[in-house]
Structure formats: structure tokens, C-alpha cells
> 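What follows is a structure written as C-alpha cells; I'll ask about it next.
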Amino acid sequence: MAGHIISIIGGKGGLGKSQVAANLAFAYAIEGKVKTLLLDFDQKASGDQDFITGMKGKKNIKELAEFKGAIDPNSIQQFVSMNQNVYYIGMPNDPMASNGIEVEALGRTLKAVTNIYPVTIIDAGNELNPLAIKALEFSTLIFVVVTPDILALNQTKRLYSDLITMMFPKDMIQFIVNQAQQGHPVTNDVIAKTLGKPIFSVVAKDDQNCILALNQKKPVMLVARGSPFAKGIIDTVRRLNEKSVLKTLEKLSRPSDAGIKKEEAKDINGAPIRGAKTPWIELKSRIHKALVDEMDLKKSDDNDPKAQIILKEQTKKVVVELLGKEDTKAVLNSREDMNQIVKEIIDEALGLGPLEDLLRDKTVSEVMVVGPYKIYYEQNGKLKLSDVTFTNDRQVLNVIERIVAPIGRRIDEKTPYVDARLRDGSRVHAIIPPSSIDGCTITIRKFPEKRLTYKDAVKFGSMTESMADFLRIAVEAHRNIIVSGGTGSGKTTLINILGGFIQSNERIITCEDSAELNFPQEHIVRLETRPASLEGDGAIDIRCLVKQTLRMRPDRIVVGECRGGETLDMLQAMGTGHDGSMTTVHSNNPRECIGRLETLVQYAGTSISARAIKEMIAGAVHLIIQQSRLDDGSRKIMYITEIGGLQGDTMILQDIFLYVQKDMDKSGKIIGEFQATGFIPKFIEVLEKKGFNVPRGIFSNRPTTPAVAAPTAAIPAAPAAAGSTPRPASASSAVASSQVKPPVKK
């Protein structure tokens with residue numbers, strides 16, 4: 001008949017758990033007269049059991065895990081040391097070695113030792129790490145040690161809740177009160193009431209004999225068998241034997257790693273039916289409804305991380321209790337299923353539901369929700385359909401409301417769309433019925449955790465170092481720049497990179513619908529639009545913000561995107577002393593960008609002639625940078641173009657750099673190269689006339705011999721932007737490889 005494993009675990013350190021485990025093994029061996037195996041799985045207290053038992057194993061647990069042979073009565077003898085019918089294998093004394101134990105291999109060992117030893121006692125430590133969980137999975141009984149103090153009781157309660165969440169049966173988990181004292185305010189009844197479960201056994205506080213045993217490096221059972229501590233341990237063993245507790249518990253079904261995944265409804269072809277009412281979804285819906293009735297999920301401050309943690313713990317406890325009242329046998333088949341459904345319910349109740357995992361995934365750049373049953377995401381430039389779904393339209397609407405509420409936005413039938421942002425800066429657009437026919441729609445453009453620099457753009461193949469050199473010169477020379485591109489082409493990312501080239505001693509003012517710009521400088525004023533109130537007034541649009549910036553003494557004005565009458569105000573600012581300003585525009589090429597600007601100026605409602613608008617654009621804008629998203633998902637700068645003025649009614653555009661697509665490989669990746677046209681921009685010549693030497697090699701496709709004795713510069717020196725990276729060295733420059741440096745006047 002197979003033996004039984006008893007794991008001893010504690011909610012925190014200092015509970016005497018290891019002494020209880022060691023003496024329990026000796027009590028079984030002496031009182032029960034059975035061979036008992038004692039295993040030390042406590043990785044945090046490596047070697048403590050060696051000290052408590054006075055036994056030093058021939059080999060340790062790590063070596064046992066690495067043993068490739070079969071575990072049988074003969075092979076295990078090389079690992080154990082024996083005393084009083086207790087066979088012991090300890091933990092390595094080196095903590096580094098303890099952390100390197102192969103957990104899965106020990107799982108196979110635990111299955112084998114039950115055929116060798118009638119009873120195995122495992123000291124499982126004070127936390128639910130993989131090694132402890134593996135011990136619990138093979139255990140017949142889990143003893144949780146608790147002491148009569150408030151902190152230990154609170155930690156034990158949390159540990160008990162975690163064990164229940166992991167689907168360990170309640171009857172399998174029993175409590176031993178250690179260091180019990182008569183007259184202590186935290187009585188056994190208080191402990192039982194707090195934990196919601198009766199105490200299995202009590203071990204009296206006996207410091208004198210416990211310390212005596214430790215000094216002799218022996219268990220209390222061998223030093224003072226008649227002591228209060230030893231009597232408590234012996235009573236525990238007798239109660240286990242008299243009531244045949246282990247035989248009763250072995251019939252319980254215990255959780256395992258492998259479980260049947262949640263079922264999906266399928267059509268006649270075997271394809272999953274999205275939105276079908278599966279038992280999993282119905283269970284989630286019932287628990288979520290009960291959870292809303294049970295507690296106020298909005299009582300926590302969204303801006304207080306500690307309050308959020310407390311609310312999450314309270315919610316988890318309630319969810320586990322509610323699941324305990326349900327018949328979940330047909331739905332939850334494993335510990336992982338239990339953990340998953342608890343996580344999904346908490347995400348829906350407190351977070352963004354099924355979007356939480358996608359938003360945490362660093363490889364996902366965009367998330368698109370089309371109704372409750374279709375969630376798409378962009379990963380490595382490719383669109384994919386997610387396996388996860390929302391439960392219903394109401395859940396999607398709840399997520400939208402949870403996003404917009406903290407920033408004072410609203411969405412309803414009167415205004416069924418909204419622009420917002422998440423706490424991390426990710427941009428969110430949502431639109432709901434009746435405007436959205438297929439249900440609530442959400443589009444989230446994720447905000448990068450790390451601010452990208454020109455080095456990242458070069459690494460990703462979005463530009464060359466020569467192009468980065470030129471753009472730095474253009475920004476520091478206060479050229480007015482329009483970043484042009486389609487939706488999702490990377491315009492905002494590029495303007496963030498350009499913003500990193502601005503000198504730190506300049507005052508920057510940004511205007512956006514939802515704040516996305518992230519410059520490294522300290523002196524930045526960030527302005528954001530505001531929608532109208534419920535009464536229909538109080539709206540603040542981009543045009544209003546641009547006008548305000550003119551009164552705020554800006555050195556640079558950066559508008560997130562021009563899409564209306566604010567284009568006129570932006571062009572006027574660029575042409576009247578606010579050089580170095582930047583904005584983005586939706587268009588497909590530089591020539592089209594000019595036409596787009598002309599159209600947007602007319603949105604201002606002023607009667608300006610077409611000729612006057614062209615002259616305004618020619619006088620205000622110096623460069624157009626065309627950013628595009630190619631068919632393979634890559635984002636590249638297709639053109640860097642200078643505006644050379646008007647010739648009749650035609651705008652003169654001269655390409656400086658461009659990307660030439662040549663072919664496409666078998667995997668669908670586009671093959672091409674960046675080329676310099678050889679054209680030297682007019683403002684470079686102006687800078688040189690002022691006494692600055694700009695490396696002409698960046699405008700060439702072939703590297704040349706570095707020039708000698710020529711001062712390198714682009715513009716007058718200024719402090720580097722806070723957090724910005726050093727100026728790049730162009731491989732094709734006509735001067736030394738470190739040519740583009742803080743400028744020095746001749």
C-alpha cells in the first residue's frame with residue numbers, strides 16, 4: 001500500500017515550522033514505529049533542518065533531483081542518513097544551489113518515495129514557490145503552522161486563501177497552532193474564527209526545551225519527550241492515526257498541472273463559435289454579477305496604488321468564496337483553470353478585462369476591439385485575431401467607461417465617440433452604438449515603455465545614420481518640419497525622435513488631442529484638448545490651444561496633428577518668428593501633403609485665396625518628412641523633402657533623401673535601400689555662409705576621405721537635451737567618423 005506525504009508550510013518566517021516538521025517525523029517514527037522520510041524543501045532557510053535534526057544527509061535534495069536512475073529502496077540509500085527510524089535528505093547549504101533545483105525531476109521522485117516509506121514529512125517553507133507547490137501536489141495532508149499573533153494570523157489567512165484558489169480541497173488543509181499560551185488574547189477560538197476553520201492540534205509554547213534541543217542539535221522528541229512541545233506533536237500524530245485522517249484524505253481529488261481547458265462551442269465543421277454561451281462564460285457571468293452585488297468595486301482611489309492592491313486582494317477573496325458556493329466540477333478541472341477564471345473575473349471587475357494580457361505584452365503595438373467577440377492586435381507589424389473575447393457588449397462598454405472616467409471624458413448616445421488615454425500614455429479611441437453598428441469598438445495605440453531615439457530608428461531600418469545626422473542639423477537649425485504619413489505609419493514616434501534633438505535650454509509647448517508626445521527635456525508645457533460638457537459648452541479644441549501658445553513665450557511649438565483650422569494658426573506661427581516648430585499631417589507623399597495643408601487652412605473659415613495659402617506654406621514650412629508603413633509591416637522614412645518656394649502656382653519640392661523599393665523576398669519582406677539624391681538643402685548653404693561647416697558627406701551615397709583641419713558644426717552650440725543621446729556619426733560623411741559635433745563657429 002502506498003505511503004502518504006504530509007507537507008508543513010507557514011505563512012511567514014519565525015513560526016517554528018521547521019521544528020514542527022522535524023519533530024513530527026520523529027514522533028511518527030517513535031510513536032507509530034514506522035519508517036519516516038524527512039525532506040527539506042525550504043529554499044529560504046537552506047541547512048536549518050541539518051541543525052535541528054543534527055543529521056547530515058549523504059547527498060542533498062538538489063543531487064536527488066539530478067539523479068537519473070530509478071528511485072527504489074536500494075538507490076535511495078546513497079542519499080539518506082538515518083536516526084531513530086527517520087531517514088533524512090536535506091537542502092544544500094548554498095542558497096544559489098538551492099535555487100537551481102530541478103522541480104519537475106523532484107515530482108517524479110516524490111511519486112516514487114511513497115512506495116518506499118509509509119510516511120514522508122516535507123518542510124515546504126514559507127512561500128508558495130514552484131518547489132513548495134510541487135510538494136503540495138503530491139501531499140495527502142497540508143499542515144499550515146500558525147502562531148497566536150495578529151501578523152502571523154493575517155499572513156496565514158492569505159496563504160489559506162491562495163491554497164483554496166489553487167483548488168486544494170479545504171479538508172486537505174489543516175492548522176497547527178504553535179507556541180500556544182494560556183491567557184493570550186489571540187485564543188484558539190479567535191484563530192479558528194479568523195481562518196474560518198477549526199484548529200486540528202495545538203502545540204504549547206516551550207522555549208526552554210526547544211532552545212535546549214537546538215543547542216544539542218537534536219529534535220525535542222529525543223531531548224525531552226515529556227516536554228509540553230513534544231506532547232503537542234505526539235498528540236497530533238495520535239489524532240491522525242486514531243481517526244485514520246490520512247486514509248480518508250487520500251480519497252480526495254487533488255489539483256494537478258494538467259487539466260482540461262475550458263470548452264468552446266463549435267460549429268459542424270469544428271470551428272469555435274465566437275460569442276456562444278459556454279459553461280465557462282456562464283460561470284464567469286454569474287460570479288461577476290454576484291461580485292457586483294457583494295462589494296463596491298468603485299470605492300478605491302484609482303490614483304492610489306496601495307488602495308488598488310488592497311481592493312484587488314479583497315476582490316480575489318470574495319471571488320474565491322463565490323466560486324466555492326458554485327458547482328464547478330464540470331468547468332474547472334485543474335488548478336490552472338481555477339487561477340485563470342479568478343484572474344479573468346478580477347480583470348473584468350477592476351481592469352480592462354481580456355485586454356489586460358494584450359496590453360502587458362511588450363510585442364503587441366496596437367489592440368483593436370470590434371464588438372465583444374472580435375479582438376485583433378498588431379504584433380511585429382502583422383494583424384492577428386486574439387483567442388480571448390469579451391462576454392458581451394455591456395462588458396466592452398464597462399471597459400470604455402473605465403478608461404474615460406479618470407481623465408474627465410464621457411461617452412454616451414449623444415456623443416458616441418471619445419479620444420482618451422491610458423495611465424501609461426497609450427492612445428485610445430472608442431465609438432459605440434448607434435454609430436458603431438457591430439457593437440462597441442475600441443482602438444488602443446500602445447505607448448512604448450522606452451522612449452525611442454534615432455539609434456532605435458536606425459536599428460529598425462527606418463532611416464540611415466546620414467539621415468539622422470541631417471535631421472538633427474535641421475532641428476537644431478530651427479527648421480519648420482511637417483511629418484507626413486498615413487494612419488499607423490509612425491508619425492508620432494518620429495516626431496518624438498525629432499523632439500529629442502531640441503536643445504534643453506529651449507521652452508517647448510505641445511498641443512494634442514490626447515497626450516502622446518514624450519520629449520526628454522525638462523522645460524515642456526503640455527496642453528490637451530477637452531470635449532464639451534453635458535450642457536454642450538466648455539469645449540477646448542486644438543486651434544484654441546495653438547492660439548494660447550503664442551502668448552506663452554514658446555521657443556518651439558509642437559502640434560500633435562493638424563486636422564482642421566488650427567493649420568492656419570500653425571503656419572502663421574511658423575512664419576512669424578516661431579521657427580523650429582513641428583506638426584504631423586495625414587497624407588501619402590510630400591506633394592499630396594502640400595495639397596492637404598491647403599485644404600486644412602480653408603477649414604479655418606477665412607477667405608484666403610489659394611495663391612496666398614501657397615505663399616504662406618512656401619514661406620513657413622522648410623521640410624516635409626514622409627513616413628510610411630509598408631506592406632510587410634515595416635515603417636520607413638520614404639522622403640525627406642525641402643520646400644524651395646513657389647514657381648508660378650507650383651510648389652518647388654526637392655527630395656534630399658528617399659527610400660527606393662527594389663523587390664520582395666519569399667517571406668514577404670520588402671527589399672530596398674535609402675538613397676541620398678545629392679541635393680544640398682538651401683539652409684545648409686545659409687549656415688555655411690554664417691561660418692559653420694556642415695559635413696557634405698551625409699548628402700552622398702558613397703563614403704569619401706575625411707576632411708582635415710575643418711571645424712565641424714551645424715549650428716551654434718547649445719546644451720544637449722536632457723536624456724538625449726550623443727550626436728550620430730554618419731558612415732557616409734565627408735569628415736571624420738565623429739564629424740557631427742556640437743558646433744564651433746569659424
> When rounded to the nearest 0.5 angstrom, what is the spacing between NE2 in H586 and CD in E561?
5.0 Å

> Check the pair L494, I637 against side-chain contact (heavy atoms from CB on, under 4.5 Å), reporting the backbone distance first and the verdict last.
CA-CA 9 Å; L494 178 56; I637 294 179; 4.0 Å; yes

> Within a strict 4.5 Å, meaning less than it, do heavy atoms of the T441 and H429 side chains meet?
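No. Closest side-chain heavy atoms not under 4.5 Å.
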
> List the residues meeting side-chain hydrogen bond (donor to acceptor under 3.5 Å, both in side chains) with R479, not counting sequence neighbours, and say none if there are none.
none

> Check whether E378 reaches the backbone of M368 with its side chain - one donor and one acceptor, N or O, closer than 3.5 Å.
no

> Could you walk me through whether L352 and L422 pass the side-chain contact (heavy atoms from CB on, under 4.5 Å) test, one step at a time?
CA-CA 11 Å; L352 303 184; L422 301 180; 4.1 Å; yes

> Could I get the full list of salt bridge (charged side-chain N to carboxylate O under 4.0 Å, His left out) partners for R427, not counting sequence neighbours?
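Only E516 meet the salt bridge (charged side-chain N to carboxylate O under 4.0 Å, His left out) criterion with R427.
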
> Answer yes or no: is there an ion pair linking R421 with E512, defined by an N-O contact shorter than 4.0 Å?
no

> Can you list everything that forms a side chain to side chain contact (heavy atoms under 4.5 Å, CB included) with A610? Sequence neighbours excluded, please.
none

> Heavy-atom distance under 4.5 Å between the side chains of K446 and S365, does that happen here?
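Result no, sub-4.5 Å side-chain heavy-atom pair not found.
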
> Indicate whether any N or O donor in one side chain lies under 3.5 Å from an N or O acceptor in the other, for R394 and N398.
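There is such a pair between these side chains.
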
> Which residues pass the side chain to side chain contact (heavy atoms under 4.5 Å, CB included) test with T650, not counting sequence neighbours?
R591

> Only counting residues at least two apart or in another chain, list the ones meeting side-chain hydrogen bond (donor to acceptor under 3.5 Å, both in side chains) with D393.
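None.
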
> In the structure I gave you, are the side-chain heavy atoms of T493 and R635 within less than 4.5 Å of one another anywhere?
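No, every pair of side-chain atoms sits at 4.5 Å or beyond.
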
> Got a sec, which residues hit side-chain hydrogen bond (donor to acceptor under 3.5 Å, both in side chains) with N588, two or more places apart in sequence or on another chain?
E592

> Going by the side-chain hydrogen bond (donor to acceptor under 3.5 Å, both in side chains) test, which pairs reach into residues 638-648, not counting sequence neighbours?
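Passing the test, one end in residues 638-648: T641-D655.
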
> Could you note down all residue pairs passing salt bridge (Lys or Arg N to Asp or Glu O under 4.0 Å) where residues 480-508 supplies at least one of them, sequence neighbours left out?
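Listed by first then second residue: E506-R556.
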
> Given side chains that start at C-beta, do those of D357 and D361 come closer than 4.5 Å, heavy atoms only?
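Contact flag for D357/D361 side chains = no.
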
> With a 4.5 Å cut-off on side-chain heavy atoms, are I473 and L687 touching?
yes

> Can you sort out the partners of Q395 under side chain to side chain contact (heavy atoms under 4.5 Å, CB included), two or more places apart, ordered by chain and number?
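Only E348, P354, F390, T391, N392 meet the side chain to side chain contact (heavy atoms under 4.5 Å, CB included) criterion with Q395.
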
> So, applying side chain to side chain contact (heavy atoms under 4.5 Å, CB included) with V367, which one of V428, I442, L359, T443 is it?
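Running side chain to side chain contact (heavy atoms under 4.5 Å, CB included) over V428, I442, L359, T443 with V367 returns exactly one hit, L359.
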
> Can you tell me how far CD of E366 sits from CD of Q379, rounded to the nearest 0.5 angstrom?
13.5 Å

> Looking at CD1 of I542 and OG1 of T583, how far apart are the two atoms once the value is rounded to the nearest 0.5 Å?
8.5 Å

> So, using side chain to side chain contact (heavy atoms under 4.5 Å, CB included) as the criterion, who are the partners of R543 when residues are at least two apart?
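Here the qualifying residues are D541, K547, E566, L568, D569, A604.
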
> Working note: I643 + I594, criterion side-chain contact (heavy atoms from CB on, under 4.5 Å); need CA distance, chi angles, decisive distance, verdict.
CA-CA 10 Å; I643 297 180; I594 299 298; 3.6 Å; yes

> Check the side chains of S489 and Q627 for a donor-acceptor pair under 3.5 angstrom, ignoring hydrogens and angles.
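Result is no, nothing qualifies.
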
> Is it the case that the side chains of S484 and Q626 hold a donor-acceptor pair, with the cut-off being a distance below 3.5 Å and no angle test?
yes

> State, with a plain yes or no, whether a side-chain heavy atom of I656 is found less than 4.5 Å away from one of L623.
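Answer yes - side chains close enough.
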
> For R472, is there an ion pair with D469 - N to carboxylate O distance below 4.0 angstrom?
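Salt bridge flag = no for R472 with D469.
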
> Kindly indicate, with the supporting measurements, whether the criterion side-chain contact (heavy atoms from CB on, under 4.5 Å) is fulfilled by L471 and F501.
CA-CA 8 Å; L471 292 177; F501 295 148; 4.2 Å; yes

> When you compare the side chain of I613 with that of M616, does any pair of heavy atoms fall below 4.5 Å?
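Contact flag for M616/I613 side chains = no.
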
> Answer whether the closest heavy-atom distance between the side chains of M552 and L527 falls below 4.5 Å.
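Counting from C-beta outward, M552 and L527 do come under 4.5 Å.
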
> Mind listing the side-chain donor-acceptor pairs of residues 679-686 below 3.5 Å, one per line with the distance, residues two or more places apart or on another chain?
{"unit_1": "K682", "atom_1": "NZ", "unit_2": "G644", "atom_2": "O", "d": "3.4"}

> Return the CG to OH distance between L383 and Y377, rounded to the nearest 0.5 Å.
10.0 Å

> According to side-chain hydrogen bond (donor to acceptor under 3.5 Å, both in side chains), who are the partners of S628, at least two apart in sequence or on a separate chain?
none

